[in-house]
Structure formats: structure tokens, C-alpha cells
Amino acid sequence: MALTNAQTAFFIGQSRTSSRSQPWPVKLKIGHAHAPVVSAMLDVKTDHVLAQKLSLTPEAPESKVFPEKFGRFGGKFVPETLITCLNKLEAEFKLVVHDSEFQEELSTALRDYAGRETPLYFAEKLTNHYKNENGEGPEIYLKREDLNHTGSHKINNAIAQTMIAKRMGRTRVVAATGAGQHGVATAAACARLSLECIVFMGSTDVMKQASNVQLMKLLGAQVISVEGNFKDASSEAIRGWVGNLESSYYLSGTVVGPHPCPSMVREFQSVIGKETRKQAMDKWGDKPDVLIACVGSGSNALGLFHEFIGDEDVRLIGVEAAGFGLDSGRHSATLARGHVGVYHGAMSYLLQDEEGQIIGPHSIGVGLEYPGVSPELSFLKDTGRIEIHSATDTEAVDGMQLLDKYNFKEAFIYFTRLDVYSLTFGPPLSFHSLQAVMQIRRNNSSLRGLSCTGFSREALPHSAERHQSGRKLQRPRGQRCCNSPKLQPSKIDRFRDNCFCFYQDCKFLRFPN
């Protein structure tokens, strides 16, 4: 089934909405003494029937409710020709959630193929760093999602959705990726089930993530480069999907898009928070006091947060990419500076101008250049359940150097995305005994990009003044760093000026006296 250009443009496009009053959303909690609290955000007018079902216990299958909207956010802003396809996907999703055979197969795959459960690691040296003169400070734990197969949390969702695609008889899986983590996870999951895999990736990300591109191809995926970045790749992936609905399956890697895509990704990533609760009880006999996660479009943040939304005594802190600064106009802080609108089929906060046109996002974190964010996170932000902070590109590099300083080089050298921004929130946490959990994942190729092409002097002004431990380096014109992706000389010339490299043994860069 093919759509016209007008229909496709309607699905991809965006529009600004008014801020008129909406029915106040209600948060309902259910649970009992031996089960985690389950929460659902429902609209009073449209979801009263679903609200009545929440009187059941968490063990009952009917207690798993996936509302289409979170207050005014979410929904299905798509052409009529896609409604049937999305309804079929939603029906299949609700079936597999309550299918014991599917859940058992998924648990086995996550354990034996992905390597779950991942450790909750006590960062002792980092904890000591943030203690005051009286020896008081938060105990910092790291949720080691980087130890999953393919190096990130993305494999949790990719395995589950490829299993759904197989059940629905789809033979072709379409996905979009930024940093390459979702692309590699999707390629691995498709290879496991012998499904055709097509990954769309922005041209700027292809250049920075050469090793991930190579790995996707080795896993049998077809990688299609799209001019631009992650948001452009997402648009092309959706177009590729709607052009062949009968045999194609769009595997969303994050909690955006039309319902049920955000709910599906959040459900399959919620294993992170469930493990964290269990591990916290085993380690110190209580819940974490604070949970910290980066917020790009929201998959890893909701994966960690969702289990604890009903626990009002647990602080949920999301950290967005401030880029060059919130006032610079070059950032990806959608929740902090965005306005409500519709993009890629759902209503959420967006980076847009006065006329409702999308503003190009920026972040040093590859894959975070997306103008939208999760509808559920948008709702949680409006209700005040999560705290939203932001950190600049420079603060991200400071955090990475801090991890390196405290002997995290071998285990944690790959944390080059917004995960390290969380370290800037050590001191503001109250100086008393509490447990702070941060989620991390691996991205080795981002570090290589940061060493030369991704962290040039033009990209980050005044870096030399802000990095006391930074090393100003010179590189001969047209010469590439030994740790950077293999680029053509014409591609390298734009980065020929001074840059900052974190590889002391780089043979092409020299330290000044």
C-alpha cells in the first residue's frame, strides 16, 4: 500500500497547537505489599473505562493499561491509511504483553542473548569525590547498561519488537539511528531471527560513527545515508515504512511517534527500572533516593524512571543537552525550552519557532539532535513529577574527564553522551546519606569522533579556557588522527585547525611545550 506525497508530508510534518486548558490528568496508583507500584496517567474524559480496570491487582493481565494519550500529549496524528496498521500493531502488542509464552521467550533472549541482568555498580571513587569536609555526600551507583550485547539499552527493545514483527508475518524491518546504537541493536536482533534489516542514518552521523556503520553491515543490515542528522533519518525511515506497509515493520528505537510506539518502547525498556529496584533492595534494603538519566527523546530515561513514577519519595532527574547554552539557540533541551506541537505523529514538546517550524537541534552527543521528546515525559514534566536540568557540551567533556580521572578509563571510557552530564549534579544533591543511581551505556566511536572531527575548535568555542586539563593540539593540514574514522582528505580539511584529543599516544597530534 503506497501513500501520496501529500499524505506522507502530513504524517511527517509538524504544527503548533494552542495552549488552551485541557482536562486535568489523573494519576492513579495500584499495588499491594509484595508488588511494585504501578501507575498510569489517564485523561478523565476519555479514559474513565480504563481507569475502572485499574482496581485490579498488578498480577492481573488487565492491569497493564497503555493509554493512547498522557493528558494532552501523545495520540495518533497520522493519515487514515495508517490507522488500520497502527491498530493492528496495538492489538498485537497487547496480546504479547499478556502472552506467557512470548514473555518467557523474551526473558530467555534478554538473559542469554543480551546478557541481562546488568550490574548496579557502586562508584566508590566518584562517591568520595563528592563528599564534603565532614565525609557526607551521596552514594553513587551506575546502572551498567553498557555491558549489554551491542553496548547499550537499545537491545532490550530491539529483541522484543523483532519478535513481534516475526509474529505479524513481517519480513522487512525499517529503523532510524543517530549514534548507531539502535541501528546495531536492530541489526543484531534481525540477524537473530533472519529478518531483512534497513537502517536509515544521517550523513553527519555516518561520518562520526564509522565503526557502528561497519558493524551494522557486518550483521547483514543495509545502511542508507540520509542528508542531515537523526531527525532527517527518522523522517526517511517512516517514509520507507509507509511505502510498504504489508511486509515492512517500523522498529521505533525511542519513545516518540504515534501510539502505540512510545508505549511499546517504554514497556520493553522498563526492565531497567525493575532490575534497579530489585538490586537496590538487595544492596541496601530500600529504594534509591535519586534517579538520574540523560534525556534525548527519552527511551533510557523512561526505562529507568517508569518503575518509580508512583514512588513520590524518589526524585527523578532528567538532564537535557544544552549545547552551546540555552540562550544560544543551539541546543537540544526540548523540555526546558520547547513548545507544544505535533511531530512524527504525536503531540509533545518541540523545538520550534513562532510560526511552528522546527528549529534544528544541536548537541555534542551524537544521536541527540532530535527536536521532539517523549509524550509521557512531556506529561511528567507538566505535572512536576520529574525535574528537568540541562548541561552544555563543555560540561559533558568535563564529566568524561572526571570519570577518566577516577580510574574509569578501562571500564567507562565510552561514556561520551549525555550520561556524563549527570556528574554535574553531584554537589547539589543534599549532603546526607542517600543513594543516587545513574544509567550509562557505551559509545566507543563517539569518543574517536570527539578526539578530532567531532570536537573541533569551531564546534566548541573557548574550550581552552574552560578545560584546565585540556591539551591544545595541532594536526598537519589534511592529516587524520589515528583514532578518528577513515575520511577522505576533503572531509578532513574542515577540521584542520586546533582540536582537543583525549588519546595521548595519537601519532598525528603533538603536545605544545
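Just so it is clear, the structure is predicted and the values come from calculations on it, not from any experiment. Note that these values count all heavy atoms, side chains included, but never hydrogens, waters or copies made by symmetry.
Side-chain polar atoms of His344 and Ser235 form a donor-acceptor pair below 3.5 angstrom.
By the side chain to side chain contact (heavy atoms under 4.5 Å, CB included) test, Ala158 is found to be paired with Ala185, Thr186, Ala189, residues two or more places apart in sequence or in another chain being considered. With sequence neighbours excluded, the residues satisfying side chain to side chain contact (heavy atoms under 4.5 Å, CB included) with Ser328 are Phe324, Arg330.
Checked against a 6.0 Å centroid threshold, the rings of Phe77 and Tyr343 do not count as neighbours. In summary, the aromatic rings of His149 and Tyr113 are positioned with their centroids under 6.0 Å apart. Ring centroid separation for the pair Phe73 and Phe379 does not come in under the 6.0 Å cut-off.
Put simply, the side chain of Phe230 does not reach to within 4.5 Å of the side chain of Thr204, judged on heavy atoms. Side-chain contact between Asn300 and Glu145 is absent, with no heavy-atom pair separated by less than 4.5 Å.
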Let me check something: any side-chain donor-acceptor pairs from residues 87-95 under 3.5 Å, sequence neighbours excluded? List them with distances.
residue, atom, partner, partner atom, Å
Asn87, OD1, Lys76, NZ, 2.7
Asn87, ND2, Ile83, O, 3.3
Glu90, OE1, Lys76, NZ, 3.3
Glu90, OE2, Lys94, NZ, 3.3
Glu90, OE2, His259, NE2, 3.1
Glu92, OE2, Arg167, NE, 2.9
Glu92, OE2, Arg167, NH2, 3.1

Run the side-chain donor-acceptor check on residues 248-257: report pairs under 3.5 Å with partners two or more places apart or on a different chain.
residue, atom, partner, partner atom, Å
Ser248, OG, Arg172, NH1, 2.5
Ser248, OG, Asn244, O, 2.9
Tyr249, OH, Gln161, OE1, 2.6
Ser252, OG, Thr254, O, 2.8
Thr254, OG1, Ser297, OG, 2.6

Residues 193-203, side-chain donor-acceptor partners within the protein, below 3.5 Å, at least two apart:
residue, atom, partner, partner atom, Å
Ser203, OG, Gly228, N, 3.2

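The pair Glu387-Lys381 fails the salt-bridge criterion, with no side-chain N (NZ, NE, NH1 or NH2) lying under 4.0 Å from an Asp/Glu carboxylate O.
Pairs engaging residues 249-268 under the salt bridge (Lys or Arg N to Asp or Glu O under 4.0 Å) rule: Lys64-Glu267, Arg266-Glu376 [sequence neighbours left out].
Nearest heavy atom pair, residue Gly329 against residue Ile359, reads O-CG2, 4.4 Å.
With Asn156 contributing its side chain and His153 its backbone, the two residues share a donor-acceptor pair below 3.5 Å.
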Side chain to side chain contact (heavy atoms under 4.5 Å, CB included) assessment of Arg116 paired with Thr118: CA-CA 5 Å; Arg116 303 208 71 91; Thr118 57; 3.3 Å; yes
